[in-house]
Amino acid sequence: MKPKKTEQQLLMDQRRIKRDAVASMGLDPYGGRYENVVSTQGVRSVGESLGLGPGERSSSSVRIAGRIMLHRVMGKLAFFRVRDGEGQMQIGLSRADMGDDQWALVKTLLLGDIIGVEGTIGKTKTDELTVWATQVTVLSKALRSPPEKWHGLSDVDLRYRMRYVDLFANPKVRDVFRLRSSIVHAVRQYLVNEHYFEVETPVLQPIYGGAAARPFTTHHNTLDLDLFLRISPELYLKRLLVGGMDRVFEISRNFRNEGISTKHNPEFTMVELYEAYADYNVMMDRVEGMVSAAFAVSTKSAVPLRAAWLEDEIRRIKEDKGEPEAQEFADEHHVEVYIEARDAIKAGRQVGVFNGVALDFTPPWSRKKYADLLQEYAGVSITDRAAVHAKAKALGIVVANKADAVVINDVFEATVERHLIQPTFVYDYPAAICPLTRRDPEDAAVALRFEAFAATMELGNAYSELNDPDIQRENLSHKITGEGDETMAIMDEDFVMALEYGMPPAGGLGVGIDRLVMLLTDCPSIRDVILFPLQRPLASGGS
RNA sequence: GAGGAUGUAGCUCAGUCGGUAGAGCAACGGCCUUUUAAGCCGUGGGUCCAGGGUUCGAGCCCCUGCAUCCUCACCA
């Protein structure tokens with residue numbers, strides 16, 4: 001019995017027929033090298049400089065290449081819209097201009113095919129810049145249709161599973177990853193300018209450390225050795241301080257075997273840096289410097305563009321559908337917030353928009369003491385053990401078998417964090433939960449540590465680094481009660497031995513790159529800034 | 001882990017009271033030399049997430065499971 005073909009298979013059969021038609025013309029349906037290509041943006045700037053009026057054509061010839069995203073054929077004339085890595089461009093195809101052989105080829109082309117077009121720059125009667133084709137080259141016939149041309153691919157599951165489709169179907173997605181690339185580049189450039197140098201340390205570690213999280217485990221066969229994927233590069237980078245690398249950084253993919261959420265992916269990217277002879281105050285400057293550099297290459301230009309687009313859109317909706325719809329659109333897209341941010345940027349401030357809230361990254365960020373925030377929002381003194389425990393119980397926090405510092409931190413997270421909207425440094429943490437941090441010389445219960453928050457998210461974490469080997473060994477030699485299995489207190493004798501040779505006093509800092517990108521590009525989910533976020537594979541193993 | 005939402009054609013989505021499964025886009029055939037989500041005529045396309053139950057009859061009601069998203073918890 002012949003199994004009935006699905007619609008998908010039938011559609012692909014039809015596309016195979018067109019592909020084979022190309023082959024029967026003696027052409028390779030999968031193309032080959034195509035030279036002297038100009039980007040659509042390049043054509044656009046050339047086109048604008050020609051000063052063409054509606055309906056005029058120039059004699060300057062160009063070649064572009066890209067995917068057919070819009071396809072209109074009218075008898076002996078056709079308009080396609082072709083998208084490349086930078087943008088899109090309309091091409092016009094006329095049977096009279098191209099000749100019968102080329103026209104036969106044009107008729108085999110479908111949405112989603114990748115083509116090369118040689119032609120002359122002109123404008124249509126409606127004043128749209130258009131490349132009028134003289135020669136079309138098939139570069140890759142697509143067997144599957146692209147998604148719906150108006151809505152694109154909107155099923156979130158499919159978008160992540162088939163990011164390759166998401167990227168060409170939804171231009172905004174590509175913009176986000178372009179911004180991500182710029183942000184990473186700016187962060188790297190900032191640190192290099194500050195005389196840091198970039199290193200790479202092991203991802204496969206025999207002992208994991210530097211953070212409190214469960215690791216992924218793996219195994220090396222030849223050495224018959226269990227290994228962990230790093231949860232943090234911290235202990236290796238500090239060894240480099242001992243070795244005399246005074247300013248080092250690593251852009252580090254870390255792996256934590258924990259839950260998945262809009263703010264957590266099992267693998268994520270951090271920039272982690274160490275600076276000898278500095279302390280955590282210097283690290284605050286570094287955060288501000290890095291974020292400023294990143295802002296300058298992303299949000300600074302993206303927000304005004306977005307604001308302008310939103311204003312256009314509202315004007316159009318008002319004309320087409322009326323005031324109430326326009327207002328609804330404005331509310332939904334936080335238009336006033338974008339306009340407010342745009343005006344602030346014009347005035348020289350570093351203001352972005354995240355989740356409908358304006359965030360002001362202009363240095364200096366506000367700096368708040370951990371204990372003061374606890375007093376302000378939880379209403380308890382950090383030194384008043386009874387009050388802290390009473391507050392914890394009132395909040396429904398389990399107190400039993402937890403060290404005091406853990407209880408304090410639980411209360412802090414439950415009461416304070418949600419108020420940390422604007423970029424803020426929270427400094428001076430309870431020492432007992434900071435085993436790798438130098439103590440305040442005036443108060444042994446305080447660790448010289450800060451976390452950077454924005455939009456209630458932890459963006460970064462920094463210490464004045466502990467460099468006393470005996471205290472370090474002591475801190476690592478017993479678990480912090482109440483932290484469960486996830487604890488930083490895992491002894492690494494080699495690391496402590498390194499400290500015994502003498503590590504310079506230093507400031508150290510980690511900043512979550514994914515979260516920074518989220519904040520600067522207004523993406524409320526970490527999956528929108530990671531190209532291939534982890535997902536459970538489909539049982540059937542296909543789409 | 002708890003709660004909520006969603007799952008229907010390749011894509012985007014309707015589906016009323018439980019009574020033969022719908023549209024647009026895409027595709028196929030035809031017409032069309034200035035389209036702007038092109039248009040007009042016609043055609044094909046369905047494991048209604050999976051399994052069970054109630055019923056004469058289930059896309060719709062009930063139960064179980066799966067997947068995804070959101071919120072909370074966890075993840076300093």
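Heavy atoms only: backbone and side chains are in, while hydrogens, waters and symmetry mates are out. Within every chain, numbering begins at 1; the chains are lettered A, B, ... in the order of the sequence lines, protein sequences first and strands thereafter.
- When all heavy atoms are compared, the tightest approach of A:Asn170 to A:Gly152 is OD1-CA, 3.6 Å.
- Contact annotation: A:Ser154 reaches the phosphate of B:rU12 (side-chain N/O to OP1 or OP2, under 4.0 Å).
- Nearest nucleotide to the side chain of A:Gln8, out of B:rU34, B:rU33, B:rG10: B:rG10.
- In this structure, the CZ atom of A:Arg95 is 10 Å from the P atom of B:rU33, given to the nearest Å.
- For the P atom pair drawn from B:rU8 and B:rC60, the interatomic distance equals 14 Å after rounding to whole Å.
- Here the nucleotide nearest the side chain of A:Glu7, chosen from B:rU35, B:rC75, B:rA9, is B:rA9.
- For the pair A:Phe79 CZ and B:rU33 C1', the interatomic distance rounds to 8 Å; values are reported in whole Å.
- Residue A:Lys18 places its side chain closer to B:rC28 than to any other of B:rC28, B:rU35, B:rG24.
- Look at the P atom in both B:rU6 and B:rC13: the space between them is 13 Å, to the nearest Å.
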Please tabulate, for the side chains in residues 418-427 of chain A, all donor-acceptor contacts under 3.5 angstrom to protein atoms that are two or more places apart in sequence or on a different chain.
residue  : atom : partner  : partner atom : Å
A:Arg418 : NH2  : A:Ala414 : O            : 3.1
A:His419 : ND1  : A:Thr415 : O            : 3.1
A:Gln422 : OE1  : A:Asp360 : N            : 2.8
A:Gln422 : NE2  : A:Ala358 : O            : 2.7
A:Thr424 : OG1  : A:Gln422 : O            : 2.6

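- As rounded to whole Å, 16 Å separates atom P of B:rG10 from atom CG of A:Leu143.
- Among the heavy atoms of the strands lying under 4.0 Å from A:Ser145 are primed sugar atoms or P, OP1, OP2 only; no base atom is included.
- Just one of A:Gln90, A:Lys123, A:Arg57, A:Arg81 meets the side chain to side chain donor-acceptor pair (under 3.5 Å) condition when paired with A:Thr130; it is A:Gln90.
- One interatomic measurement links the two molecules: CD of A:Gln90 to P of B:rU34, which rounds to 13 Å at whole-angstrom precision.
- Taking atom P on both nucleotides, B:rG4 is separated from B:rC17 by 23 Å, rounded to a whole Å.
- Backbone-only contact: A:Glu451 has heavy atoms under 4.0 Å from sugar-phosphate atoms and none from a base.
- Annotation: side chain to side chain contact (heavy atoms under 4.5 Å, CB included) contacts of A:Arg316 (sequence neighbours excluded): A:Glu313, A:Asp320.
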Pairs under 3.5 Å (N/O, protein and nucleotides 68-71 of chain B):
residue : atom : partner  : partner atom : Å
B:rU68  : OP1  : A:Arg536 : N            : 3.4
B:rC69  : OP1  : A:Arg527 : NE           : 3.3
B:rC70  : OP2  : A:Arg527 : NH1          : 3.2

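- Taking atom P in both B:rC48 and B:rU43, one finds a spacing of 24 Å when rounded to whole Å.
- Each of A:Leu10 and A:His264 lies near RNA chain B, and the nucleotide nearest A:Leu10 is the one positioned closer to the 5' end.
- For the pair A:Met12 CE and B:rG45 C1', the interatomic distance rounds to 16 Å; values are reported in whole Å.
- Nucleotide B:rC31: paired with B:rG39 (Watson-Crick or G-U wobble, both distances less than 3.5 Å).
- Closest contact between the side chain of A:Lys149 and the listed nucleotides B:rA37, B:rC11, B:rU34 involves B:rA37.
- Between A:Phe412 and A:Tyr370, the ring planes are parallel. Angles under 30° get that label, and only those over 60° would be called perpendicular.
- A:Met457 is linked by a side chain to side chain contact (heavy atoms under 4.5 Å, CB included) to A:Lys263, A:Phe354, A:Arg515, A:Met518, A:Leu519, counting only residues two or more places apart in sequence or in another chain.
- The interatomic distance linking A:Met74 (CE) with B:rC41 (C1') rounds to 18 Å, in whole Å.
- On a pure distance criterion of 3.5 Å, no polar donor-acceptor pair joins the side chain of A:Thr130 and the base of B:rU34.
- Taking atom CZ of A:Phe268 as the reference point, atom P of B:rC75 lies 14 Å away to the nearest angstrom.
- Counting non-hydrogen atoms under 4.0 angstrom, A:Ile260 reaches nothing in the nucleic acid.
- Contact annotation for A:Leu153: backbone-only contact, meaning every heavy-atom pair under 4.0 Å involves sugar-phosphate atoms and none involves a base.
- Side-chain contact check for A:Tyr377 and A:Gln375: no donor-acceptor pair (N or O, by modelled atom type) lies under 3.5 Å.
- Atom P of nucleotide B:rC11 and atom CD of A:Glu148 are separated by 11 Å, given to the nearest angstrom.
- Nucleotides B:rA14 and B:rG24, compared at atom P, are 16 Å apart to the nearest Å.
- A:Ser145 pairs by the side chain to side chain contact (heavy atoms under 4.5 Å, CB included) definition with A:Arg15, not counting sequence neighbours.
- Rounded to a whole angstrom, the distance from the C1' atom of B:rG45 to that of B:rA26 is 11 Å.
- Distance noted for atom P between B:rA58 and B:rG53: 12 Å (whole Å).
- Here the separation of B:rU16 from B:rC61, taken at their P atoms, is 9 Å to the nearest Å.
- With a 3.5 Å ceiling on both atom-pair distances, B:rU55 lacks any Watson-Crick or G-U wobble partner.
- Judged as a side chain to side chain contact (heavy atoms under 4.5 Å, CB included), and not counting sequence neighbours, the contacts of A:Thr269 are A:Arg180, A:Ile251, A:Arg253, A:Ile513, A:Asp514.
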